[in-house]
Amino acid sequence: MFVSGIVLDSPDARELAAFYQRLLGWRMEQDEPDWVKLAAPSGGAGLSFQTESAYVRPTWPAGPGDQQMMLHLDIEVDDLESAGAHAVAAGATLADFQPQEDVRVYLDPAGHPFCLFVND
């Protein structure tokens with residue numbers, strides 16, 4: 001067995017896929033009305049996006065009774081500041097809460113947190 005992909009729910013699969021395509025530069029492998037898959041250039045696990053009509057945006061950080069995130073993506077970058085500027089230009093929002101000095105937490109357009117970090 002192997003993990004062939006990661007799926008993020010969203011109120012609009014195509015909109016969220018377009019954001020991650022701008023962010024990562026990955027090519028679109030599959031495009032259906034409620035399902036989009038981006039292919040990882042390395043051939044590893046891709047990212048898929050599924051429209052979910054009952055989607056509830058997660059709260060970061062979650063408190064008691066808040067909708068919690070189900071997962072987050074860790075994205076290694078060469079330069080934290082330039083990668084952060086690129087993420088914002090692609091449509092991300094810098095999260096108000098930043099738990100670590102050497103990691104930046106951003107929210108994608110559907111509210112999924114993702115982390116940018118430099119691996120020293």
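Position 1 is the first residue of the sequence, and the numbers go up from there. These numbers come from a predicted model, not from an experiment.
With values rounded to the nearest 0.5 angstrom, Leu16 atom CG is found 9.0 Å from Leu47 atom CG. Distance check: Thr59 OG1 to Arg57 CZ gives 9.0 Å after rounding to the nearest 0.5 Å.
Counting only heavy atoms from C-beta outward, the side chains of Val77 and Val118 approach each other to under 4.5 Å. Using a 4.5 Å heavy-atom cutoff, the side chains of Cys115 and His72 are in contact. At a threshold of 4.5 Å between non-hydrogen side-chain atoms, the residues Ile75 and Leu23 count as touching.
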Could you walk me through whether Leu38 and Leu24 pass the side-chain contact (heavy atoms from CB on, under 4.5 Å) test, one step at a time? CA-CA 10 Å; Leu38 300 181; Leu24 301 171; 5.5 Å; no

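For Trp60 (side chain) and Phe97 (main-chain N/O), a donor-acceptor pair under 3.5 Å exists by modelled atom type. The backbone N or O of Glu81 sits less than 3.5 Å from a side-chain atom of Asp79, completing a donor-acceptor pair. Arg104 places no side-chain N or O within donor-acceptor distance of the main-chain N or O of Ala95, the cut-off being under 3.5 Å. Of the possible polar contacts, one joining the Glu52 side chain to the Ala54 backbone as a donor-acceptor pair under 3.5 Å is found. A donor-acceptor contact shorter than 3.5 Å is absent between the side chain of Gln50 and the backbone of Asp34. No donor-acceptor pair under 3.5 Å is formed between the side chain of His112 and the backbone N or O of Met70. Between the side chain of Tyr20 and the backbone N or O of Phe49 there is no donor-acceptor pair closer than 3.5 Å.
The two atoms that bring Gly111 and Pro58 nearest to each other are O-CG, 3.4 Å, heavy atoms only. Val7 and Trp35 get closest at one heavy-atom pair: CG2-CH2, 3.6 Å. Closest heavy-atom contact between Ala92 and Phe19: N-CE1, 3.4 Å. Contact record, Ala40 with Ala45: CB-O, 3.5 Å, taken as the closest heavy-atom pair.
Asp74 CG: more than 12 foreign heavy atoms inside a 6.0 Å radius. The environment of CG in Asp96 is sparse: at most 12 heavy-atom neighbours from other residues, nucleotides or ligands sit within 6.0 Å.
Of the options Arg14, Gln21, Lys37, a side chain to side chain contact (heavy atoms under 4.5 Å, CB included) to Met28 is made by Gln21 and by none of the others.
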